[in-house]
Amino acid sequence: MRGYDQKILLMVLVVVAVLAAARGQETTGFVTWANNYYQTWGHQALVINKTSELQLTLDNNSGSGFESQLIYGSGYFNVRIKAPQTTSTGVITSFYLISRSSRHDELCFQILGKNGPPYLLNTNMYLYGEGGKDQRFRLWFDPTKDYHSYSFLWNPNQLVFYVDDTPIRVYRKNPDVYYPSVQTMFLMGSVQNGSIIDPKQMPYIAKFQASKIEGCQTEFMGIEKCTDPKFWWNRKQLSSKEKELYINAKKMYLDYDYCSDRQRYPKVPQECGSYS
């Protein structure tokens, strides 16, 4: 992985609906790749299809990743991804929200390479620098054949991971445990080598498509501006339809849950009581 000193200005997010100029106000609309993302490491990203698609490359030398210049304090963040076709489980395509601190918060989707089906999607969280909170799902589609949506709803009340509008993971605020509502976050995406990959299949191309971002844009220390209930995404619970989809997704597609892993965690982690 290459250092931040090698950052190259990429072409980043332009909001084609209403872009809030004032800090702490709503950023909403369909977005394309333009001047608000930069490359953080690895190969130069390629923007094609009149800025609607971003391609990241993984080869024997390096993967690649990008980060937003915009900072958020809450919101709904959707990216459409087409993962590389590969039989190498070491190829990992990721989309995440992450804060910048020594005890960082992070929400993460990881599409795992696989000679599927089933294809596996790992989700993870870091809460105040503590990770290892994996929940893994069997995808009900082939993520390498077409674009699919991967979304975070992040607000002062709940965190929701969505796949194609189906909530698969819900973490609710609990006064007894840490909740990620004190650090602002950036959007990031990457394709990288998680373990052994097949050099004969290189290069691997991960494609990120223009998507819809509805978030509270703020400054680095300005998360308190983003808790206002006027923002639609600061809702406290799922809709009744979403609850049904969520229950079904856990029943049908959950492959691994760290909260149930007594070999890894002999004592149930305290935050496990915060999952709906």
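For this chain, numbers begin at 1 and follow the sequence in order. Everything numeric in this text was worked out from a predicted model, so none of it was measured.
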Inset, instruction - Start with the C-alpha gap between Ser64 and Trp41, add the side-chain angles, then the distance that decides, and say whether side chain to side chain donor-acceptor pair (under 3.5 Å) holds. - result: CA-CA 5 Å; Ser64 52; Trp41 59 278; over 6 Å; no
Inset, instruction - Compute the ring centroids of Phe152 and Tyr76, then answer whether they are less than 6.0 Å apart. - result: no
Legend entry - Residues which pass side chain to side chain donor-acceptor pair (under 3.5 Å) with Arg235, listed by chain and number, not counting sequence neighbours: Tyr162, Glu242
Inset, instruction - Give me the other members of the hydrophobic cluster that Leu112 sits in, counting Ile, Leu, Val, Met, Phe, Trp and Tyr linked by side-chain heavy atoms under 4.5 Å, directly or via other members. - result: Ile92, Leu120
Inset, instruction - With sequence neighbours left out, write down each residue that passes side-chain contact (heavy atoms from CB on, under 4.5 Å) with Thr184, or none if nothing qualifies. - result: Ile71, Thr218, Phe220, Ile223
Legend entry - Phe95 and Tyr150 aromatic centres sub-6.0 Å: no
Legend entry - Pair listing, salt bridge (charged side-chain N to carboxylate O under 4.0 Å, His left out) test, anchored in residues 84-97, at least two apart: none
Legend entry - Arg100 (side chain) donor-acceptor with Gln183 (main chain) under 3.5 angstrom: no
Legend entry - Heavy-atom neighbours of Glu130 CD exceed 12 at 6.0 Å: no
Inset, instruction - Specify the closest pair of heavy atoms between Arg169 and Asp134, including all atoms of both residues, with the distance to one decimal. - result: NH1-C, 4.2 Å
Legend entry - Residues forming a side-chain contact (heavy atoms from CB on, under 4.5 Å) with Ile247, sequence neighbours excluded: none
Inset, instruction - For Asp142, check side chain to side chain donor-acceptor pair (under 3.5 Å) against everything at least two apart and list the hits. - result: Tyr119, Thr144
Inset, instruction - Identify the two heavy atoms, one from Trp154 and one from Pro180, that lie closest to each other, and give their separation to 0.1 Å. - result: NE1-O, 2.8 Å
Legend entry - Parallel, tilted or perpendicular: ring planes of Tyr171 versus Tyr179, cut at 30 and 60 degrees: parallel
Legend entry - Side-chain ion pair, Lys241 and Asp165, N-O less than 4.0 Å: no
